[in-house]
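Heavy atoms only: backbone and side chains are in, while hydrogens, waters and symmetry mates are out.
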Amino acid sequence: MESIFSNLLIGLGVAIQPINIMWVTIGGVLGTIIGMLPGLGPASGVAILLPLTFSMGPVGALITMSGVYYGAMYGGSRASILLNTPGDGAAIASCWDGYPLAIKKRRPEAALAISGIASFIGGMIATVFIIFLAQPLALFAIKFGPAEYLMLYMFALSATATMSGEGKVMKGFVSMFIGLMISTVGIDSLSGIQRFTFGKMELMGGIDFLIAIIGIYALGEVFEGLGAIGKGPGKMQTKFGKIWITKEDWKRSWPSILRSTPLGFLIGVLPGTGATMAAVMAYNQEKNLCKHGKEFGEGAIEGLAAPEAANNAASVGALIPMMTLGIPGSGTTAVMLGALLMLGLQPGPLLFQNSPEIAWGVIASMIIGNVILAIINIPLAGGLVRILAIPERVLFPLILGLSFIGTYAISNSTLDFTILVVFGLLGLFMKRAGYPNSPMVLGAIVGGAIEEKFRQALTISNGSYSVFFKSPISLVLFALTIGAFLLPVFQKMKASRASAKKA
Amino acid sequence: MVLTVQAIASLFFIALGLAYGAGALALPEAAFGNPAAPKIYPLIITGFMVILSFVTLLAEIAKQKKTVASGKTAKAASFVMTDIGWLVTFVSVLCILYSIAFEKLGYVISTFIFVEAIMIYISKAKKIFWPTIIALGFSFGIYLLFSKVLAITLPPMPLLDF
């Protein structure tokens, strides 16, 4: 416990440096804007903004990217509340009561304020959780060998595929294997053999997964959105009174916020679930638990407070597996992990041991970041939401321009522009056919590490596959992986039994 | 079976898996250690990819049967280009042209043309004043930010060191 506080003090020392306060502010503001704009989510936002972090150093880069991530959670609900269009997936549940509260009940000020307040409380409490959980988890993860890591990666991937949504589990797994395929292109680091390069020099270093990510998320979203240009929501309110809530609002909301935060955090920590699921589950939980559950859908303030607290807590929770284990649990943390590897920083258990100032600096910066974001998103919300008035016909060309400059900054080669377009079209095709993108992104990022651990473990055991089932940690992770595979089957069986009983 | 988008996707991914597997089998053997080591992982991926894509195809066929049984018809994918299809094709071609012009014309000119062309095309704008101002501001602004502030080298304009 003592070491946690001394490390936190080290982290605070880093976080309060003016340059780092500036990075967290920039990250938070950009994240809020990215979250607000439909078509740009935190994953594509972090990928596009990546070049901005090149000159920051690892601490600044991680602080900025985290700021973008949880900033997007604050911003996402603005479009939900005012336009009934979620700025990103995690804000979908905020439409259900946020929009009716703003429009039907004519209380947009209260809706904007409670979403900011709930996000702030959710983010702050989750930061306290991360302070106490990160180090013990990192210490535990040091015990992991190649076999345990392989099982952990497999669990993270299968959980992500399983959580792809109803009826999409198999498609989630196919998407995951496409990602793993992408990761095998290039020179095999252990044998020096070229794989799937077709003799092209440019492919020998492999397909840069960051470029694949920008292609899938940013270009894919723009291609998808091209069909909806001009069909978007109409005009929105841009003039507001004082953005704040009444005592009665607070009395009704705080229990929902406190109940939803731990739930959101826990869901965020689990690989594959993410902020969207956290928000939806928190909404459903509150609908059942709170006194005014019957008002849900009609503009109940609790119905907005709960998902907002949960999605912010989840975004903080999702940083735990990325920072302590080095495995991404969501699309956005996958992009962050990729970006950090590119910057020469290896997140994982040793990060806390070897570079406590980085690990704890980032955690401490979340406290400052949440305060800054609360200021931006509550009193200044009236001005900020004007960004929502930017039409897609202006926005899309600019997103394309940013995607190309981001790609050029990563690879310094225009040949990757073609790869970018190919992945954009692949992203569009997969979306149209109902294949989720996140498992593919995760597969592309951790695929190389999976093969490396697989072969390392086999080398250690002289080729015996029993190495994967020797330690209790491996066995538990293997059981969880099988559980993730079978979960949808059980759910389907349960649902069909229930419907048979009804009939 | 009706060739819906989902069915086409399943068939495409089966073909992709098989082609990948053929590529994996054709890989040379490692000079040291286990000779088959570079192939094992790609072959495992192949196995899962083909089986799972086949399962998605079976699921699609079952879904179509259910749809037919309920008196409806499954919607076949259309191979006729729609407006959106043209839009995506146009933007993709412009992206490729942009990649060719990027180093030849320099960042500012190529980006200005790229952004303006897309903006005018997708908005079907008749007046070019605002698209021109936005494209100019974007190309100059991003150039200054990246090359001067972030010290990332971008292709300069021909004949000018800017």
From A/E451 atom CD to B/I45 atom CD1, the distance as rounded to the nearest 0.5 Å: 7.0 Å
Sidechain-backbone polar pair: B/Y41 side chain, A/R455 backbone, donor-acceptor under 3.5 Å: no
Under 4.5 Å from a heavy atom of chain B, the part of A/L415 involved: neither
Contact origin within B/E29 toward chain A - heavy atom pairs under 4.5 Å: backbone
Which of B/G23, B/P38, B/S10 touches chain A most, by non-hydrogen pairs under 4.5 Å: B/P38
B/A24 versus chain A, the contacting section by heavy-atom distance below 4.5 Å: both
Validation row: B/I142, A/L402 side chains within 4.5 angstrom (heavy atoms): yes
CA sep, side-chain torsions, deciding dist, call: B/T56, A/F173, side-chain contact (heavy atoms from CB on, under 4.5 Å): CA-CA 10 Å; B/T56 60; A/F173 277 106; over 6 Å; no
Closest contact, heavy atoms only, B/T153 versus A/Y408: O-CE2, 3.5 Å
Proximity breakdown for A/L425 and chain B, heavy-atom pairs closer than 4.5 Å: side chain
A/V421, part contacting chain B, at a heavy-atom distance under 4.5 Å: side chain
Chain A contact via B/L16 - side chain, backbone, both or neither, heavy atoms under 4.5 Å: both
Closest heavy-atom pair and its distance - A/G401, B/F114: N-CE2, 4.3 Å
Aromatic ring pairing B/Y98/A/F404, orientation class (parallel under 30°, perpendicular over 60°, tilted between): perpendicular
Side chain / backbone / both / neither for A/L52 at chain B, heavy atoms under 4.5 Å: both
Distance, nearest 0.5 Å, that separates NZ of A/K171 from CD of B/E60: 6.5 Å
Heavy-atom contact with chain A under 4.5 Å, split by part of B/L87: both
B/F54 atom CZ: more than 12 heavy-atom contacts under 6.0 Å: no
Pairs of heavy atoms under 4.5 Å with chain B: top-ranked of A/M181, A/M176, A/R393: A/M181
Which atoms of A/M430 approach chain B - backbone, side chain, both or neither, heavy atom under 4.5 Å: side chain
Heavy-atom pairs under 4.5 Å with chain A, option from B/I100, B/T4, B/I152, B/I120 with the top count: B/I152
Any side-chain heavy-atom pair of B/F48 and A/L180 under 4.5 Å: no
Residue part contacting chain B, namely of A/E224, when any heavy atom lies under 4.5 Å: neither
Residue part contacting chain A, namely of B/F12, when any heavy atom lies under 4.5 Å: side chain
Which portion of B/V88 sits near chain A, non-hydrogen atoms under 4.5 angstrom: both
Gap separating the CG atom of B/L154 from the CD1 atom of A/I405, nearest 0.5 angstrom: 4.0 Å
Side chain, backbone, both or neither of A/S55 within contact of chain B (heavy atoms, under 4.5 Å): side chain
Distance, nearest 0.5 Å, that separates CG of A/L400 from CG of B/L94: 9.5 Å
Test ring-ring contact (aromatic ring centres under 6.0 Å, His included) applied to B/Y20 and A/F196, step by step: CA-CA 8 Å; B/Y20 178 82; A/F196 312 104; 4.4 Å; yes
Exercise: identify the closest heavy-atom pair between B/Q6 and A/R432: NE2-O, 4.2 Å
Contacting moiety of B/S123, where chain A heavy atoms sit under 4.5 Å: both
Separation between OG of A/S175 and CG of B/L52, rounded to the nearest 0.5 Å: 11.5 Å
Smallest separation among heavy atoms of A/A409 and B/F146, with atom names: CB-CE2, 4.4 Å
A/I178/B/F13 under side-chain contact (heavy atoms from CB on, under 4.5 Å): CA gap, chis, key distance, verdict: CA-CA 9 Å; A/I178 297 171; B/F13 291 135; 3.4 Å; yes
Interface moiety of A/I193 toward chain B, non-hydrogen atoms closer than 4.5 Å: side chain
Between CD1 on residue A/I399 and CD1 on residue B/I118, distance to nearest 0.5 Å: 11.5 Å
Shortest non-hydrogen separation from B/L27 to A/Q194 and the atoms involved: CD2-O, 3.6 Å
Min side-chain heavy-atom separation B/V91-A/F396 under 4.5 Å: no
B/I134 vs A/L398, side-chain contact (heavy atoms from CB on, under 4.5 Å): CA-CA, chis, key distance, verdict: CA-CA 9 Å; B/I134 294 167; A/L398 302 187; 4.2 Å; yes
Heavy-atom pair with the smallest gap, counting every atom of A/F223 and B/S92: CZ-OG, 3.7 Å
